[in-house]
Protein chains: 2
Amino acid sequence: MTGRRTSDDLKEVIRDFRRDQVIDVARRLFGERGTIDVSMDEIASEAGVARSTVYVYFANRSELLRACLQGMYSQLLEAIASTWEEEAEPSRRLGHLVEEMLAVVDESPAFFRLALITQGTQARDGEVVGAELALIGLDIARLLHDLLVEGIAQGTFRTLDPDLAIGLVGQQIYGAMAVRAAEPMPRDRSTVSAEIVEFILHGLAA
Amino acid sequence: MTGRRTSDDLKEVIRDFRRDQVIDVARRLFGERGTIDVSMDEIASEAGVARSTVYVYFANRSELLRACLQGMYSQLLEAIASTWEEEAEPSRRLGHLVEEMLAVVDESPAFFRLALITQGTQARDGEVVGAELALIGLDIARLLHDLLVEGIAQGTFRTLDPDLAIGLVGQQIYGAMAVRAAEPMPRDRSTVSAEIVEFILHGLAA
DNA sequence: TAGCTATCGGACACTGTGTCTGATTTACGG
DNA sequence: CCGTAAATCAGACACAGTGTCCGATAGCTA
């Protein structure tokens, strides 16, 4: 049994590596063409493995989708976190948050398009994706909540129910992401996020 | 050939009636459970016709979907038009517009969830639905445009690029619809639309 | 070298779509 | 009231995709 431990560990590393290999391909394909018309066959062959092998790593299509979403999400959180600390001013933080979320959309528009709707649906891929997305939404809402409370305390934002504000701001971002996901040639990300923040802050009224 | 003309007309009426019969069922089922896990089999049997008969009226699943969307849309336009004339004040008009759009969501949340996102996708049902939705979006954008220009002229809204404003307001409405479509127990429609309009007008800033 | 394990490739059952056909019903004109 | 034409039916078909299973194989390890 000499080296059994390290041997097992190695297996695990290899396993993870393979898994990631499939996830990467899947994310790319889903991102380009949406989840529905990308078959497991195609993902497998593109990743250079047999279809049956994919089912060794992922119980089913939904598991694979979930893994893709998790990857997308941790990437998003990482990006947000990296700008979060270096910028304390609430409206600027909001700007960064928006920009990062738009960046996710830009990376995999078609994937994102699906990811958005399936919230709460029990459609083909929806069930699992929806549950996953809801959790992501909660996390973002938490960030938004802290940001708003701080902004209100600092006097940047006017005093209003944070939960209401989260809903409204969240909707604005959500809409911006969805619309952007449908655009063939999205405009410059930082310009767009600046416009959005400006609108969120001041509205339309004269 | 006596009576051929009227006979043909009658056939057409019957045909339309049957068509509508199927569309009604489809809209209900799609609305309740989304489009993807409702099969043509189920729609047919629920409508009391053979599956093959459905294919007489609709070339394929996408045609049926498109017909459902058109029904939804003309209903929406009708509802908007009825409140449009009786209210000239821009921000009130906006309120009505928002409220009617939320009403559409309330009627068929699951359907709507899909409809929103598939814009521009070539996913299973997405291609056709997307094209249809884009046209609808254009019409709503036109309404929004007129409303904004008038509001700016009247001094209700501050002076800013109407196209930019359409985008931002549109995103807010879009987001509100999508979020509402995912909620199991949506809040009172007029309260929500009032909140949305208030936000659109004044934003968060102190 | 022998054995273990991951992978392969392909067959399988199942579900849903869209097409087609031949039988049956319905409605209308004579 | 009967015959014809159209609408509708039930069901078979080909096709595509998912998920399961299994025997063969290749590569590593003892």
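Just so we're clear, the structure is a prediction, and the values are computed from it rather than from any experiment. Atoms considered below: every heavy atom in the structure, side chains included; atoms not considered: hydrogens, waters and symmetry mates. Letters go in sequence order (proteins before strands), and every chain restarts at 1.
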Gap between atoms [atom1] and [atom2], on [X] and [N] respectively (whole Å):
X: B:Arg19; N: D:dA7; atom1: CZ; atom2: P; value: 15 Å
X: B:Asp16; N: D:dA7; atom1: CG; atom2: P; value: 13 Å
X: A:Gln21; N: C:dA6; atom1: CD; atom2: P; value: 16 Å
X: B:Asp41; N: D:dA10; atom1: CG; atom2: C1'; value: 12 Å
X: B:Leu29; N: C:dG16; atom1: CG; atom2: C1'; value: 16 Å
X: B:Met40; N: C:dG16; atom1: CE; atom2: P; value: 13 Å
X: A:Asn60; N: C:dT15; atom1: CG; atom2: P; value: 17 Å
X: A:Arg61; N: D:dG19; atom1: CZ; atom2: P; value: 8 Å

Donor-acceptor contacts under 3.5 Å from residues 143-150 of chain A side chains, at least two apart:
none

Checklist line | Close approaches to DNA chain D from residues 51-59 of chain A, in residue order (heavy atom, under 4.0 Å) | finding: A:Arg51, A:Ser52, A:Tyr55, A:Ala59

Next item on the list: Could you work out which one of D:dT18, C:dG18, C:dC8 sits closest to the side chain of A:Val49?
Entry: C:dC8

Next item on the list: Could you go through the side chain to side chain contact (heavy atoms under 4.5 Å, CB included) check for A:Glu100 and A:Arg189 one step at a time?
Entry: CA-CA 9 Å; A:Glu100 293 303 340; A:Arg189 210 147 57 210; over 6 Å; no

Next item on the list: Tell me whether the OP1 or OP2 atom of D:dT8 has a side-chain N or O from B:Arg18 closer than 4.0 Å.
Entry: yes

Check: So, does B:Thr53 use its side chain to make a donor-acceptor pair with the main chain of B:Val49 at under 3.5 Å?
Finding: no

Next item on the list: Identify whether the distance between the nearest side-chain nitrogen and carboxylate oxygen of B:Arg27 and B:Glu32 falls below 4.0 Å.
Entry: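 The answer is no: the pair does not qualify as a salt bridge.
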
Note to self: Using a strict threshold of under 4.0 Å (side-chain N to carboxylate O), is an ion pair present between B:Arg187 and B:Glu195?
What the structure shows: yes

